[in-house]
**Student:** 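First the structure, then my questions, so here it is.
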Amino acid sequence: MSDQHNHQNFETRAIHAGNTADPLTGAVVPPIYQVSTYKQDGVGGLRGGYEYSRSANPTRTALEENLAALEGGRRGLAFASGLAAEDCLLRTLLAPGDHVVIPNDAYGGTFRLFAKVVQRWGVDFSVANTSDVDSVRAAVNDRTKLIWVETPSNPLLGITDIEAVAGVARQAGVKLVVDNTFASPYLQQPLALGADVVVHSLTKYMGGHSDVVGGALIAADAELGEELAYHQNAMGAVAGPFDSWIVLRGIKTLAVRMDRHSENATKVADFLTRHPKVTQVLYPGLAEHPGHEVAAKQMRSFGGMISFRVEGGEEAAVGVCDRAKLFTLGESLGGVESLIEHPGRMTHASVAGSALEVPADLVRLSVGIENVDDLIADLREALG
């Protein structure tokens, strides 16, 4: 990937990295190369390295260069979904008999991939509280190849000290993978803190408008990036050109959106802490959050995700979700519109009965960029 944008601030890189003016027309936005194959100038004479769009596509290349620049990595790769990116990473780095340390709070789809797919392939895993460095260290064994971290985590908003866990990984000679979806590269830079690979669901904050599905891997090391790229092509779950273009468009406003998401979420969290029917608010921006100091150290601000627990148990939590009107009941996150969900019955149903099971009285919010007074009014009505 090019180093030409390294000296630029994030907001500038988000708009310009990978977004070179079209050489034919001067178009300032990369075209959508909706094409499967490319004319060769003689056998093996590829123009710009393009032969077939599973292997490479100019629109996807623009996105991948942008992703690498935003995360400060040597190679970015775009996939059809976040789970496709995770699958490629695991099958690149692991073999039967290997072991992975995973967090005790994580996206339900990630847990399902480990527990129902990868484990059947002969890869074992242990669950650790990644907010506790000693817990991570104790979970590592002589077969461990990866430590997997989400921070902030989904849905309990736990915070992991990336730099500290990177030290554990280096000492053990294993790779550290950080799912940076909740934070986005605007709020957090895991590779600069010692991670080897960053994972994203591009569907969320990177796309930002609930209109695209995608995933990404960004590698700190060029050689690892090449390994991942080989498997991306061999396995084939690549981002299509139109989806790549949509994500690129979303990224251009990532910085201003994340500022607003964080500002709104801070005010919503403050409201929830004072509501008599709310028993606990999970938001790293609150001083009482156990990970607040670490989050303040490694994040620009605290993001747009909040979870909270309510009096009355599961039925009360489901009732709050049902009564909300401006907060749309839905399973995704990171869009400009606010969403509400019940993790136990929705996004995290796959972890029921496991070490990652979430509280039944938990509600998760993705706080959008609407007027915050309207959002608070909606929650006040939903809480009753």
Side-chain angles (χ1 to χ4, degrees), residues 9-15 29 63 66-67 70 82 107 151-152 154-155 157 180-189 200-214 216 243 245-273 275 281-286 289 295-296 299-308 320-321 323-341 343 346-347 363-383:
N9 290 308
F10 184 94
E11 296 87 343
T12 304
R13 280 181 282 140
I15 293 171
V29 174
L63 172 59
N66 184 273
L67 293 168
L70 295 187
Y107 167 51
T151 183
N154 182 5
L157 282 300
N180 203 28
T181 297
F182 267 28
S184 86
Y186 178 65
L187 299 186
Q188 184 170 267
Q189 301 275 312
H200 280 285
S201 170
L202 298 176
T203 312
K204 312 304 193 297
Y205 287 109
M206 301 290 270
H209 295 78
S210 302
D211 55 8
V212 66
V213 173
D243 290 347
W245 188 87
I246 289 286
V247 174
L248 266 175
R249 185 184 65 171
I251 286 173
K252 291 182 179 183
T253 60
L254 178 63
V256 292
R257 287 188 286 105
M258 293 310 298
D259 282 340
R260 183 62 173 266
H261 284 299
S262 297
E263 178 187 342
N264 279 359
T266 298
K267 294 177 180 177
V268 169
D270 179 64
F271 160 75
L272 291 170
T273 60
H275 198 283
V281 181
L282 305 172
Y283 183 63
L286 295 172
H289 188 286
M299 298 177 71
R300 186 192 298 252
S301 58
F302 302 105
M305 298 302 299
I306 301 172
S307 289
F308 64 96
V320 172
C321 295
R323 287 189 295 272
K325 294 182 175 61
L326 189 55
F327 278 84
T328 300
L329 182 63
E331 290 205 355
S332 192
L333 60 99
V336 293
E337 63 286 303
S338 294
L339 299 177
I340 190 170
E341 66 125 357
M346 296 170 68
T347 53
V363 176
R364 192 190 74 179
L365 303 178
S366 174
V367 180
I369 66 172
E370 303 96 335
N371 185 286
V372 72
D373 293 337
D374 295 331
L375 296 176
I376 290 172
D378 189 47
L379 288 173
R380 184 180 290 112
E381 184 74 19
L383 284 161

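Heavy-atom basis, side chains included; hydrogens, waters and symmetry copies ignored. Along the sequence shown, residues are numbered consecutively beginning with 1.
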**Student:** Do Val29 and Lys252 make a side-chain contact, defined as non-hydrogen atoms from C-beta onward lying under 4.5 Å apart?
**Tutor:** yes
**Student:** So how far is it from Thr253 OG1 to Arg260 CZ, rounded to the nearest 0.5 Å?
**Tutor:** 13.0 Å
**Student:** Could you go through Arg249 and Asp211, starting from their C-alpha distance and side-chain angles, then the distance that decides it, and tell me whether this counts as side-chain contact (heavy atoms from CB on, under 4.5 Å)?
**Tutor:** CA-CA 11 Å; Arg249 185 184 65 171; Asp211 55 8; 3.5 Å; yes
**Student:** So, do Gln188 and Thr151 sit near enough that their side-chain heavy atoms are less than 4.5 Å apart?
**Tutor:** yes
**Student:** What's the spacing between Ile340 CD1 and Leu326 CG if we round to 0.5 Å?
**Tutor:** 10.5 Å
**Student:** Does Tyr186 have Arg300 sitting over its ring (NZ/CZ under 6.0 Å from centre, angle to axis within 45°)?
**Tutor:** yes
**Student:** I'd like to know if the side chain of Ser366 reaches the main chain of Gly334, judged simply by a donor and an acceptor atom lying under 3.5 Å from each other, with no hydrogens or angles considered.
**Tutor:** yes
**Student:** With rounding to the nearest 0.5 Å, note down the distance linking CD1 in Ile251 to CG in Leu63.
**Tutor:** 5.5 Å
**Student:** For the side chain of Glu370 and the backbone of Leu375, is there at least one donor-acceptor N/O pair under 3.5 Å apart?
**Tutor:** no
**Student:** Should the heavy atoms of other residues, nucleotides or ligands under 6.0 Å from CG of Asn9 be counted, would the total exceed 12?
**Tutor:** no
**Student:** Output yes when a side-chain donor or acceptor of Arg364 lies under 3.5 Å from a complementary backbone atom of Leu339, and no otherwise.
**Tutor:** no
**Student:** So which heavy atom on Glu341 is nearest to which on Leu329, and how close?
**Tutor:** CA-CD1, 4.1 Å
**Student:** When rounded to the nearest 0.5 angstrom, what distance separates CZ in Phe271 from CZ in Arg380?
**Tutor:** 5.0 Å
**Student:** Please report the closest heavy-atom contact between Pro152 and Leu157, naming both atoms and the distance.
**Tutor:** CB-CD1, 3.8 Å
**Student:** Please give me the minimum heavy-atom distance between Asn66 and Ala14, naming the atom from each residue.
**Tutor:** ND2-O, 3.3 Å
**Student:** Determine yes or no for a side-chain-to-main-chain donor-acceptor pair under 3.5 angstrom, with Asn264 supplying the side chain and Asn371 the backbone.
**Tutor:** no
**Student:** Counting C-beta onward and ignoring hydrogens, is there a side-chain heavy-atom pair between Val320 and Phe308 closer than 4.5 Å?
**Tutor:** yes
**Student:** Keeping the roles fixed (side chain from Gln189, backbone from Pro185), state whether a donor-acceptor pair exists under 3.5 Å.
**Tutor:** yes
**Student:** Consider side-chain contact (heavy atoms from CB on, under 4.5 Å). Of Leu272, Val367, Val372, which one does Lys267 pass it with?
**Tutor:** Val372
**Student:** For the atom pair OG (Ser301) and CE (Met299), what is the distance rounded to the nearest 0.5 Å?
**Tutor:** 6.5 Å
**Student:** When you measure from the side chain of Thr181 to the backbone of Ser201, do you find a donor-acceptor pair of N or O atoms at a distance under 3.5 Å?
**Tutor:** yes
**Student:** Judged by atom type as modelled, is there a donor-acceptor pair below 3.5 Å linking the side chain of Asp378 to the main-chain atoms of Ala324?
**Tutor:** no
**Student:** Return the CD1 to OH distance between Ile306 and Tyr283, rounded to the nearest 0.5 Å.
**Tutor:** 6.0 Å
**Student:** Find out whether Pro155 and Thr347 are in side-chain contact, i.e. whether some heavy atom of one side chain is under 4.5 Å from a heavy atom of the other.
**Tutor:** no
**Student:** Begin from the C-alpha positions of Ser332 and Lys204 and carry the test side-chain contact (heavy atoms from CB on, under 4.5 Å) through to its verdict.
**Tutor:** CA-CA 7 Å; Ser332 192; Lys204 312 304 193 297; 3.4 Å; yes
**Student:** Is it true that Thr328 and Glu337 share a donor-acceptor pair across their side chains at a distance under 3.5 Å?
**Tutor:** no
**Student:** Spell out, as yes or no, whether a donor-acceptor pair under 3.5 Å connects the side chain of His209 to the backbone of Val336.
**Tutor:** no
**Student:** For Tyr205, is there any backbone N or O sitting under 3.5 Å from a side-chain donor or acceptor partner on Arg257?
**Tutor:** yes
**Student:** Is atom CD of Glu381 surrounded by more than 12 heavy atoms (other residues, nucleotides or ligands) closer than 6.0 Å?
**Tutor:** no
**Student:** Say whether, by atom type as modelled, one donor and one acceptor occur between the side chain of Ser338 and the main chain of Gly368 under 3.5 angstrom.
**Tutor:** yes
**Student:** So which heavy atom on Gly303 is nearest to which on Ala265, and how close?
**Tutor:** O-CB, 3.3 Å
**Student:** Minimum heavy-atom separation for Leu67 to Leu202, with atom names?
**Tutor:** CD2-CD2, 3.8 Å
